[in-house]
Amino acid sequence: MILKALIIAAVIGFIYLKFFHKPSAQQMPGKKKKKESVVLDEETVECCSCSTFVSVDEAILSGSKYFCSQECLEKSC
Ligand SMILES: [Zn+2]
């Protein structure tokens with residue numbers, strides 16, 4: 001009788017281990033790199049005339065000075 005109980009216990013234990021206690025075969029290899037948020041990817045420059053910050057792509061470069069628009073470029077500074 002005790003043997004039967006042990007077998008049942010063993011079977012239950014086996015089932016438990018097999019179905020509810022799966023060893024994680026695919027363990028994450030500690031790849032937790034924080035993605036650095038791209039906050040200022042674009043470089044901004046200050047408009048020489050109105051002091052507005054615009055991206056370099058949008059700014060108008062005149063000599064060594066940046067302007068936000070044609071209007072400011074004409075006004076100069
Ligand atoms: Zn401007």
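Worth knowing before you read on, the calculation uses all heavy atoms, side chains too, and leaves out hydrogens, waters and symmetry mates. In listed order, ligands and their atoms are each counted from 1.
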**Item:** Close side-chain approach of V54 to V45, heavy-atom, < 4.5 Å
**Value:** yes
Could you list the donor-acceptor pairs under 3.5 angstrom formed between side-chain atoms of residues 69-77 and any protein atom two or more places apart in sequence or on another chain?
unit_1, atom_1, unit_2, atom_2, d
S69, OG, C72, N, 3.4

**Asked** Are L6 and F14 connected in a single hydrophobic cluster, I mean Ile/Leu/Val/Met/Phe/Trp/Tyr linked by side-chain heavy atoms less than 4.5 Å apart?
**Response** no
**Request:** Tell me how many protein N, O or S atoms are closer than 2.8 Å to the Zn ion (ligand 1).
**Result:**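 For the Zn ion (ligand 1), the figure is 4.
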**Prompt:** Other than I12, what residues sit in its cluster of Ile, Leu, Val, Met, Phe, Trp and Tyr side chains whose heavy atoms are under 4.5 Å apart, directly or through others?
**Reply:**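 Listed partners: I8.
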**Request:** Please name all residues satisfying disulfide (SG to SG under 2.5 Å) with C47, sequence neighbours left out, ordered by chain then number.
**Result:**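 Listed in chain order: nothing, the list is empty.
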